[in-house]
Amino acid sequence: MYNKVIVAVDFSDSSRRVVDRALELVGNDLNRLEIAHVVEPIPTVWGMESYSINPIDLQNKILESSANLLQELGDKTGIDKSRQHTLLGTPAVKIRELQDQLKADAIVIGSHGHSGWKVMLGSTAVKLLHGATVDVLTVFIPEE
Ligand code: AMP
């Protein structure tokens with residue numbers, strides 16, 4: 001059995017299904033499961049200072065609401081707050097960094113997320129599979 005598994009969620013409708021599969025993979029041992037969501041940085045563009053929205057404030061608000069959503073999912077599935085990770089950056093890069101940091105030996109992701117079925121396999125899934133140094137389980141998400 002795997003020692004430490006990271007399940008990556010994007011809060012799409014299929015997230016619960018992905019977490020449930022990850023729980024099965026660790027034999028429902030919650031000490032072996034970490035859950036992660038990555039917030040992508042808001043691009044700052046030239047002339048943005050003339051808008052009333054401060055991109056840093058907006059970024060922080062998104063991080064905060066993502067942490068709340070992750071906590072909701074954690075509460076529903078029993079994953080403790082200490083095992084919930086809300087990160088800022090490129091999803092595949094940050095998940096791989098977390099994998100190194102936690103010495104995780106497997107990653108669980110959905111085959112498709114918000115990017116939907118326009119592509120054969122979601123872009124985060126493809127990026128994580130390329131150059132993976134641990135097992136990556138893609139949970140099949142049927143087309144709606
Ligand atoms: P996508 O590549 O967007 O179709 O998403 C495929 C899967 O990658 C999703 O089901 C999630 O498991 C994972 N994923 C996508 N975006 C994120 C994100 N921002 N943070 C964490 N996991 C993500």
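All ligand and atom numbering here is 1-based and tracks the order in the structure.
- Remark: ligand 1 and S12 share no N or O pair separated by less than 3.5 Å (distance only, no angle test).
- Taking a 6.0 Å sphere around CD of E64, one finds it holds 12 or fewer heavy atoms contributed by other residues, nucleotides or ligands.
- Considering backbone and side-chain atoms together, V38 places an N or O closer than 3.5 Å to an N or O of ligand 1.
- Of all the heavy atoms of V108, none lies under 4.0 Å from any atom of ligand 1, so neither backbone nor side chain is involved.
- R17 has no carboxylate O lying under 4.0 Å from a charged side-chain N of D20, or vice versa, which leaves the two without a salt bridge.
- For ligand 1, the polar-atom distance check finds an N/O of A8 within less than 3.5 Å of one of the ligand's N/O atoms.
- Residue S123 touches ligand 1 through backbone and side chain together, judged by heavy-atom distances below 4.0 Å.
- For the pair A125 and ligand 1, a heavy-atom separation below 4.0 Å is found.
- Residues L69 and S65 fail the side-chain proximity criterion, which asks for heavy atoms closer than 4.5 Å.
- Taking only non-hydrogen atoms, the option from I95, T124, L98, L87 nearest to atom 15 (C) of ligand 1 is T124.
- E34 pairs with exactly one of Q84, Q99, K4, Q101 by the side chain to side chain donor-acceptor pair (under 3.5 Å) rule, that one being K4.
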- Task: Decide salt bridge (Lys or Arg N to Asp or Glu O under 4.0 Å) for R32 and D29; before the verdict, give the C-alpha distance in whole Å, the side-chain angles of both, and the deciding distance to 0.1 Å.
- Result: CA-CA 6 Å; R32 292 172 194 258; D29 182 350; 2.9 Å; yes
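- Each of the following atoms of ligand 1 lies closer than 4.0 Å to a heavy atom of I109: 12 (O).
- Using a 4.0 Å cut-off between charged nitrogen and carboxylate oxygen, D57 and K61 do not count as a salt-bridge pair.
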